[in-house]
Amino acid sequence: MAHAARSARSARATHQPELRAAAARLGRRRFLTVTSAAAALAFSTNLPSAHAAEVTPRSLSEDPFTLGVASGDPLPDSVLLWTRLAPRPYEPRGGLPAEGVVWVEWEICRDDRFRRVARRGTAAAHAAFDYAVHVEADGLAPGRDYWYRFRVGSWVSPAGRTRTAPARRAHVDQGRFGLLSCQAYHDGYYTALGHLANEDLDAVFHVGDYLYEYAVNAVGGARNYTDRTLPDIFNRETLTLEDYRLRYALYKTDPELQAAHAAFPWFVTWDDHETENNYAGDTDENGNPPEEFLLRRAAAYRAYWENMPLRRPHRPDGPDMRLYRRFHHGRLAQFDILDTRQYRSDQAYGDGWQYPGPESEDPSRTMVGAAQERWLLHGFRRSTATWNVLPQQVTFCRRKDTTAARSKLSMDAWDGYPASRQRILDGVERAGIDNLIVLTGDVHVSYAMDIKRDFGEPSSRTLGVEIVGTSVTSGKNGTDKPSNWATFMAANPHMKFYNGRRGYVLLTLDEDQARADYRTVSHVTTPGGAVTTAASFITESGNPGLQAV
């Protein structure tokens with residue numbers, strides 16, 4: 001990225017009215033190929049009309065549940081249920097009318113045969129939200145499995161299984177979670193997700209790059225389809241609201257992604273590619289005017305909410321969407337899910353791997369913005385959980401790329417924001433947090449690292465551990481030891497493991513220890529890759545630091 005740092009502006013949680021108005025005017029005037037109606041839709045909340053015409057179920061001659069079902073953000077007494085109606089998923093609005101509403105029946109049951117109904121109701125799927133359905137099913141019992149499904153007329157969705165969180169003050173023996181990130185459709189098959197669906201988990205954390213903005217050609221890129229031809233609508237970068245909506249439809253038609261969603265509730269957060277590569281706040285990759293980029297961001301954020309199992313409070317308002325949030329797994333764990341894209345200062349020194357200096361080390365620079373930082377540190381002070389877990393996007397620990405005393409660092413990761421990282425670690429120490437676990441994605445490799453008080457001094461106190469999960473597909477097949485493996489391991493003594501295969505991580509928590517199992521697959525550019533555990537590490541409660549097992 002060739003653009004200057006604009007720390008204060010990018011740190012704002014919301015945008016000034018005149019900037020929002022300028023973006024809206026720009027959209028109506030000339031922004032890319034967006035029509036005036038589409039621009040207005042992207043940049044406003046645009047609530048559905050109370051008088052929308054009803055689309056009758058008997059008018060649906062094709063299965064509307066081609067994108068599967070999902071659940072997310074489980075609480076002890078409720079869970080969010082999601083689906084999106086798209087009888088023709090590769091067409092705008094899924095082949096449904098440009099305006100209207102479809103009434104969708106839903107039920108959530110205590111058994112997989114749907115005989116013991118816990119809750120049921122009817123929800124509206126509005127054209128204004130691309131016929132997505134978000135149901136907050138409440139009145140549920142804590143810490144138990146439920147099965148759910150949707151119905152429109154004679155059409156019944158696939159069944160999904162979900163699980164509520166344990167009661168807030170419950171003593172929980174164990175929690176098992178999956179860690180996912182980076183699933184570029186054009187880089188391979190979702191083999192890892194198919195294997196993940198067969199695990200026994202309480203929930204899944206997806207920490208970003210669910211979607212990529214890059215073009216997908218007629219053969220699906222590295223998937224190299226011979227049994228189908230994808231439409232040309234996918235063979236371009238996503239820019240408009242319609243582009244983003246259609247790209248989600250392409251991704252969500254994948255059966256292994258559907259299986260993983262249907263198996264467990266997901267906690268999701270975004271990174272950059274759900275909008276555009278390496279954007280920072282209101283600054284895009286190519287240095288375009290902020291008012292222009294914010295219109296694209298509004299479209300991307302709206303499509304993200306429409307397609308993710310997120311609750312109503314997270315619905316975006318134009319280019320702003322609060323995604324950071326907190327959950328608990330009884331007394332065992334507190335999860336503080338971060339957003340490291342929307343509020344960050346622009347990357348220093350034009351982004352990429354650069355030598356650190358006054359610009360990157362400016363104390364005013366922020367990765368998460370002032371409001372989110374205060375929220376996080378306040379949550380640390382109030383926490384009574386055994387484990388404090390931060391699902392977030394980019395590498396937290398320092399990574400040198402040479403063994404020299406002075407090495408380049410990634411300006412897009414926390415290394416480009418060392419003052420912001422230090423404020424977080426100071427808050428951890430002040431709050432007396434003994435068991436910090438940072439969960440990370442983004443880099444398409446697996447790392448296991450100790451979080452040091454002083455990364456320049458290997459013997460300094462270990463404050464927690466970072467579990468970096470590899471990608472689902474991004475980077476294609478990968479290799480066990482990338483070309484820089486020896487250099488990275490030697491240059492970073494706090495790094496205990498480095499692997500370049502695709503896969504996911506299983507995180508198991510109990511009162512005594514946390515365990516990370518790095519699950520990798522043999523290949524993704526063709527179907528059927530085998531899964532294996534490449535490495536396992538534990539960190540003991542009250543004694544932070546990774547130990548191989």
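Between Asp243 and Arg296 there is no salt bridge, since no side-chain nitrogen of the basic residue lies less than 4.0 Å from a carboxylate oxygen of the acidic one. The pair Arg344-Asp412 meets the salt-bridge criterion, with a side-chain N (NZ, NE, NH1 or NH2) lying under 4.0 Å from an Asp/Glu carboxylate O. Under the 4.0 Å criterion applied to side-chain N and carboxylate O atoms, Arg341 and Asp271 are assigned as salt-bridge partners. Salt bridge Arg88/Glu62: present, at least one basic N to carboxylate O contact under 4.0 Å.
Of the N and O atoms on the side chains of Ser541 and Asn435, at least one donor lies less than 3.5 Å from an acceptor on the other residue. Side chain to side chain, Arg519 and Thr533 meet the donor-acceptor criterion of an N or O pair below 3.5 Å. Using a 3.5 Å distance cut-off with no hydrogens or angles, the side chains of Asp111 and Trp147 do not pair a donor with an acceptor. At a cut-off of 3.5 Å, with distance as the only test, no side-chain donor of Glu274 or Tyr212 sits close to an acceptor on the other residue. For the 3.5 Å distance criterion, the side chains of Thr440 and Gln392 qualify, holding a donor opposite an acceptor.
Between Trp305 and His134, the distance separating the two ring centers is shorter than 6.0 angstrom. Aromatic pair Phe177/His329: centroids less than 6.0 angstrom apart. In this structure, Phe327 has its ring center closer than 6.0 angstrom to the ring center of Phe267. Aromatic ring centres of His273 and Tyr210 lie farther apart than the 6.0 Å criterion allows. Between Trp155 and Phe65, the distance separating the two ring centers is not shorter than 6.0 angstrom.
For Asp517, the salt bridge (Lys or Arg N to Asp or Glu O under 4.0 Å) partners are Arg515, not counting sequence neighbours. Legend: residues meeting side-chain hydrogen bond (donor to acceptor under 3.5 Å, both in side chains) with Trp266, ordered by chain and number and at least two apart, are absent. Residues forming a side-chain hydrogen bond (donor to acceptor under 3.5 Å, both in side chains) with Asp130 (at least two apart in sequence, or on another chain): Arg84. By the side-chain hydrogen bond (donor to acceptor under 3.5 Å, both in side chains) test, Asp254 pairs with Arg223, sequence neighbours left out. Take Arg311 and apply the side chain to side chain contact (heavy atoms under 4.5 Å, CB included) test, not counting sequence neighbours, and it matches Asp73, Leu75, Ser78, Leu80, Glu136, Pro313, His314. Annotation: side chain to side chain contact (heavy atoms under 4.5 Å, CB included) contacts of Thr470 (sequence neighbours excluded): Ser446, Arg502. Legend: residues meeting ring pair (Phe, Tyr, Trp, His ring centres under 6.0 Å) with Trp106, ordered by chain and number and at least two apart, are absent. Applying the side chain to side chain contact (heavy atoms under 4.5 Å, CB included) criterion to Arg110, with sequence neighbours excluded, gives Arg116, Ala118, Arg144, Tyr146. Residues satisfying the side-chain hydrogen bond (donor to acceptor under 3.5 Å, both in side chains) criterion with Asp336, sequence neighbours excluded, are Arg326, Gln334.
Remark: the backbone N or O of Thr520 is not paired with any side-chain donor or acceptor of Thr532 at under 3.5 angstrom. Judged by distance alone, the side chain of Gln372 and the main-chain N or O of Asp339 form a donor-acceptor pair under 3.5 Å. Looking at Lys252, its side chain never comes within 3.5 Å of a backbone N or O of Arg247 through a donor-acceptor pair. Glu276 contributes no side-chain N or O that, together with a main-chain N or O of Thr238, makes up a donor-acceptor pair within less than 3.5 Å. A donor-acceptor pair under 3.5 Å links the side-chain atoms of Thr66 to the main chain of Ala86, judged by distance alone. In this structure, Arg331 contributes its side chain and Ala385 its backbone to no donor-acceptor pair below 3.5 Å. Within the 3.5 Å criterion, the main-chain N or O of Val368 finds a donor-acceptor partner in the side chain of Thr366. A donor-acceptor contact shorter than 3.5 Å links the side chain of Arg297 to the backbone of Gly281.
Taking 4.5 Å as the limit, every side-chain heavy atom of Leu323 sits out of range of all side-chain heavy atoms of Tyr301. Asp320 places a side-chain heavy atom less than 4.5 Å from the side chain of Gln342. Residues Arg169 and Thr384 fail the side-chain proximity criterion, which asks for heavy atoms closer than 4.5 Å. Side chains of Tyr324 and Tyr343 form a contact here, defined as non-hydrogen atoms less than 4.5 Å apart. Taking the side chain as every heavy atom from C-beta outward, Ile451 and Leu436 approach each other to under 4.5 Å. Counting heavy atoms from C-beta outward, Leu180 and Val204 have side chains that approach closer than 4.5 Å. Asn499 has its side chain out of reach of Val445: every pair of non-hydrogen atoms, C-beta onward, lies at least 4.5 Å apart. Contact annotation: the side chain of Tyr504 approaches that of Glu199 to within less than 4.5 Å [non-hydrogen atoms, C-beta and beyond].
Across all non-hydrogen atoms, the minimal contact from Cys182 to Ser471 is O-CB, 3.3 Å. Smallest separation of non-hydrogen atoms from Val468 and Tyr518: O-CE2, 3.5 Å. When every heavy atom of Leu67 is checked against every heavy atom of Ala249, the shortest pair comes out as CD2-O, 3.6 Å. Of all the heavy atoms in Tyr131 and Ala125, the pair that sits closest is CD2-O, 3.4 Å. When all heavy atoms of Val79 and Gly72 are compared, the pair lying nearest together is CG2-O, 3.5 Å. Cys397 and Arg421 get closest at one heavy-atom pair: C-NH1, 3.6 Å.
With rounding to the nearest 0.5 angstrom, the CD1 atom of Ile467 is 8.5 Å from the CG atom of Leu179. Here CG of Asn388 is found 3.5 Å from OG of Ser383. Values are rounded to the nearest 0.5 Å. Between Asp209 atom CG and Asn277 atom CG the span is 8.5 Å, to the nearest 0.5 Å. Remark: Leu390 CG to Thr340 OG1 distance equals 11.0 Å, nearest 0.5 Å.
Each side-chain hydrogen bond (donor to acceptor under 3.5 Å, both in side chains) pair with one or both residues in residues 172-186, not counting sequence neighbours, appears once here: Arg176-Thr508, Gln183-His206, Tyr185-Tyr225. Applying the ring pair (Phe, Tyr, Trp, His ring centres under 6.0 Å) rule to pairs touching residues 377-397 yields Phe396-Trp414, sequence neighbours excluded.
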- Task: Evaluate the ring pair (Phe, Tyr, Trp, His ring centres under 6.0 Å) criterion for residues Tyr304 and Tyr244: first the C-alpha distance (whole Å), next the side-chain angles of each, then the deciding distance (0.1 Å), finally the verdict.
- Result: CA-CA 8 Å; Tyr304 184 84; Tyr244 285 105; over 10 Å; no

- Item | Test log, rule side-chain contact (heavy atoms from CB on, under 4.5 Å), inputs Met449 and Phe497 | CA-CA 7 Å; Met449 295 187 283; Phe497 175 67; over 6 Å; no

- Item | Intermediate values then yes/no, side chain to side chain donor-acceptor pair (under 3.5 Å), Thr269 and Gln393 | CA-CA 8 Å; Thr269 187; Gln393 294 76 18; 3.0 Å; yes

Donor-acceptor contacts under 3.5 Å from residues 89-105 side chains, at least two apart:
none

